[in-house]
There are 2 protein chains.
Amino acid sequence: MTKSMPNDFPSDVVAPPVDDELASALATLGLSFSVDAAQRAEHGRDWWPLSIPLTERGEVRAWPGAVVRARSSHDVAATLALARKLQRSVTVQGGRSSVVGGATAAEGGLALDLTAMHRVLAIDEVAGTVRVEAGCRGPELEAALSSRGLTIGHFPQSFDLASVGGWLACRGAGQYSNRYGKIEDIVRGLRVILADGSDVELGAHGPRQALGPDLVQLFVGSEGTLGVITEATLVARRRPPYERRAAYAFASFTEGLEACRRILQRDAHPAVLRLYDAIESRRSFDDERCVVIVLDEGESLFVDATMAIVEAECQSATSLDEGLVARWLEHRNDVGALAPLWQGGLVVDTIEVAGPWSTLAALSDAVLSSLRALPEMLVASVHQSHAYLDGACLYFTFAGRPAGDVENFYRGAWDAASRVVVAQGAALSHHHGVGRNRARFMRDALGTAHPMLVALKQMLDPQNLLNPGVLGVGGDPW
Amino acid sequence: MTKSMPNDFPSDVVAPPVDDELASALATLGLSFSVDAAQRAEHGRDWWPLSIPLTERGEVRAWPGAVVRARSSHDVAATLALARKLQRSVTVQGGRSSVVGGATAAEGGLALDLTAMHRVLAIDEVAGTVRVEAGCRGPELEAALSSRGLTIGHFPQSFDLASVGGWLACRGAGQYSNRYGKIEDIVRGLRVILADGSDVELGAHGPRQALGPDLVQLFVGSEGTLGVITEATLVARRRPPYERRAAYAFASFTEGLEACRRILQRDAHPAVLRLYDAIESRRSFDDERCVVIVLDEGESLFVDATMAIVEAECQSATSLDEGLVARWLEHRNDVGALAPLWQGGLVVDTIEVAGPWSTLAALSDAVLSSLRALPEMLVASVHQSHAYLDGACLYFTFAGRPAGDVENFYRGAWDAASRVVVAQGAALSHHHGVGRNRARFMRDALGTAHPMLVALKQMLDPQNLLNPGVLGVGGDPW
């Protein structure tokens, strides 16, 4: 069900005039680029839902001056050299599946598209690692690995859209991350082009090293603001020989959370362990209780052990037909679901956060209350989507039908939920990242650590060329 | 068998004259400190074996001007303010169990001892996390957790000596790390006092966040050169209810490595999976083959599954009496073993590196050959001590009896082995860190990433006050 963007621009979309200085410099360098209005419009947006109404009206919040299609790390370095010379910003883009505006270009800047850099460069079957260009998307990477009996195991909802560089830049999580890890666990090495043109190789010396701080982690989550990731080395595992599924219903969300906690703390980490509140259980599974779906894959001995622990810890729940897991699997990558709702006048979005088990139920209640208290809010619901030893990700969905300004309502909902999360000391984002949408909360969320992020930006991008405004550094998000 | 240092200074050790400006400034601030000769001598060394012959002769390579005993983060900040004002260096110290000179003070500088900061501040039994001061040692921390049924599971050989801050500063690994992770996997948050006096709280918002780069990882492995870690939040797990052991003998080290690889790549990660070459197997287990010892603990379902996979993958080996594991357990923390050998005229040390499975056997052979080719080298041997999906740690031991200068021989051995590791693109250190001993290899080991480490040092410690020379930044290691 690949869908490159939620909706289409009107055919008569009008762009600002072409920046001739920029176009001529790009041509001189022999870079592949476009200054076409439709191209610039497309690369001026990503999957941030706020783009849906804008697109419908033919509006782009910030028009890139040109779209550059890099074919190599050399092209990336050349683009950055040009950006330094002409003082134009650079927004690196892969599949532009960011749902928080992290891949939307800045006004007059360069949209640096890496999707032409999609080669799988090397597979080490013995070590189980793969070196890949940043623009490669999940299906192509998995196909290359599959023929060697390997998999990354990273399956985000945006699997068909997102690129490896985007996974890394946003600290992404796949739907099977309880077993395979988040992308920060999967990465071993990076090639990064810095704003000053340096071509830097980080990590990839082996599984672990104690040679100073892990500089790879400086760029995982940097959202294009500190450098351009052009290649990555990832761990690839043997494809799982065995799979099992189960489903349960709990009387309450809190009871379900407790069961998830006990499962993880008994060292079981089924690839999928998702708990839905009553609203989402009714919507997705036609059940009035709180549904848990479970899927594990891998060595049969471990999968069977995992499922035995899951069963033991779900004793107080009702066992359901495992066919519910198949129902989830069928719909799990339906990324296009939001656009028709917006087009119907609803304002809908999701907010994923993370917190420790000890305060998770209270966090869930407080965020839901804050959303439900807003005028014109129709519904707010939650599920637990990724679980760890010490806590989990809560994934909220809200929908409202504002009579007035759509963007005001949207920002109000994010403000309300985010204020609660920051006040509780929980993590403002688990895997979608900051982008432009969460930029205004970063100072409060990072607290005393915020100046360090600003200093890193100053150190690595002193001219503020890279994705300015994203991540709450380098200017106004919009 | 706690032993605070390998050997004792002569009772008549003579220190350089007291720095009155420094002493008077420390007194004015109300800090707890000493300028006593014996204290300064002690804090001028750590467990780096090169200190053994120096100590015997009553020599200290670099005398700290004073030893400050911080009682709080406030004391740390006050010490750093003084250091800025008087332009004196600061070397943060815990148990000083660094075996690479990472905790040896710089000439005339302040040795900042954190061992008085050893409080366990808070235990969250539900989330399974503990907040602890950086000077707390393993036994005290584990005792506090044990009464709540929890454990960190971090058991380095230096367990009785090392402090939490040292674990983190050096990217340490415990002997059970295959199951519990290295310290970078265990940490969730840090409190750090920066050179400019900033008091910074990093992480600890929950299990995972996608809010920019993981700034916690900037200080894990920073070896006291980028800031002073004063508190940490770590994950604590339920104490394991079940344990199993096994031992096998392989005909060759390579065959044993292959079995370890297959075990890990079938998702089994027994807490202990150590493979010894024939030399070490004879020395430790009276066996002429290559011995593997295995220990796992945790949920019985997972431990039994793990041991079944281990057994299946060790089919070509001879099963041995599991009593060999007990023999290893008894001696595993004998940190004082090296001193008597050095005092008997031998030069002995260990070198831990890491590499991918695909080149590990070749790496092992090449490092051993480089050591054995040195004149006056008596023996070089290896074991595999920590294993991952994609590779493992190789732990080499060498011993020689040089007729000439001991230090020349020692440095020659490290040069030879390190050159091979760097040339093969493997990781120069797995868990001991860089300290002063490996500082001279850092430029080559990090390659194009080295300038970034230098820039980080400049950003966080522009006056070069923090542990100068360690980690290959901020000056000559000695």
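A salt bridge links B/Arg208 and A/Asp185; the closest N-O separation between the charged side-chain nitrogens and carboxylate oxygens is under 4.0 Å. A salt bridge is defined here as a Lys NZ or Arg NE, NH1 or NH2 lying under 4.0 Å from an Asp or Glu carboxylate O, and A/Arg237 with B/Asp390 fails to meet this definition. Classification of B/Glu313 and B/Arg261 as a salt-bridged pair fails, no side-chain N sitting under 4.0 Å from a carboxylate O.
Using a 4.5 Å cut-off between heavy atoms, B/Phe302 contacts chain A through both its backbone and its side chain. Both the backbone and the side chain of B/Met452 come within less than 4.5 Å of a heavy atom of chain A. Residue B/Leu194 touches chain A through its side chain alone, counting heavy-atom pairs closer than 4.5 Å. Within the 4.5 angstrom heavy-atom criterion, atoms from both the backbone and the side chain of B/Leu211 approach chain A. Contact annotation for B/Gln458: neither backbone nor side-chain heavy atoms come within less than 4.5 Å of a heavy atom of chain A. Only the backbone of B/His431 comes within less than 4.5 Å of a heavy atom of chain A; no side-chain atom from C-beta onward does. Heavy atoms closer than 4.5 Å to chain A are found nowhere in B/Asp304, neither backbone nor side chain. With a 4.5 angstrom heavy-atom cutoff, B/Val235 touches chain A only via side-chain atoms.
With chain B as the partner, the residue from A/Gln217, A/Glu223, A/Arg238, A/Arg266 showing the most heavy-atom pairs under 4.5 Å is A/Arg266. Options A/Ala268, A/Pro241, A/Ser198 differ in how many heavy-atom pairs under 4.5 Å they form with chain B, and the most are formed by A/Ala268. With respect to chain A, the highest number of heavy-atom pairs below 4.5 Å among B/Gly447, B/Pro240, B/Gly425 belongs to B/Gly425. Note on A/Ala387, A/Ala392, A/Pro213: by heavy-atom pairs under 4.5 Å with chain B, the leading option is A/Pro213. Of all the listed residues (A/Thr129, A/Asp124, A/Leu202), the one sharing the greatest number of non-hydrogen pairs under 4.5 Å with chain B is A/Asp124. Contact count versus chain B (heavy atoms, under 4.5 Å) is highest, among A/Ala449, A/Gly212, A/Gly128, A/Gly391, for A/Gly212. In terms of non-hydrogen atom pairs under 4.5 Å with chain B, the most contact-rich of A/Pro207, A/Ala305, A/Gly206 is A/Pro207.
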Could you please spell out the steps behind the side-chain hydrogen bond (donor to acceptor under 3.5 Å, both in side chains) verdict for B/His432 and B/Glu352? CA-CA 7 Å; B/His432 288 171; B/Glu352 29 63 66; 3.2 Å; yes
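Side-chain atoms of A/Arg438 come within 3.5 Å of backbone N or O of A/Gly433 as a donor-acceptor pair. Not one N or O on the side chain of A/Asn467 forms a donor-acceptor pair closer than 3.5 Å with the backbone of A/Val470.
A/Thr359 and A/Gln424 share no side-chain donor-acceptor pair at under 3.5 Å. A/Thr233 and A/Arg131 form a side-chain donor-acceptor contact under 3.5 Å, judged by distance and modelled atom types alone.
Here the side chains of A/Trp167 and A/Pro156 are in contact, with some heavy-atom distance below 4.5 Å.
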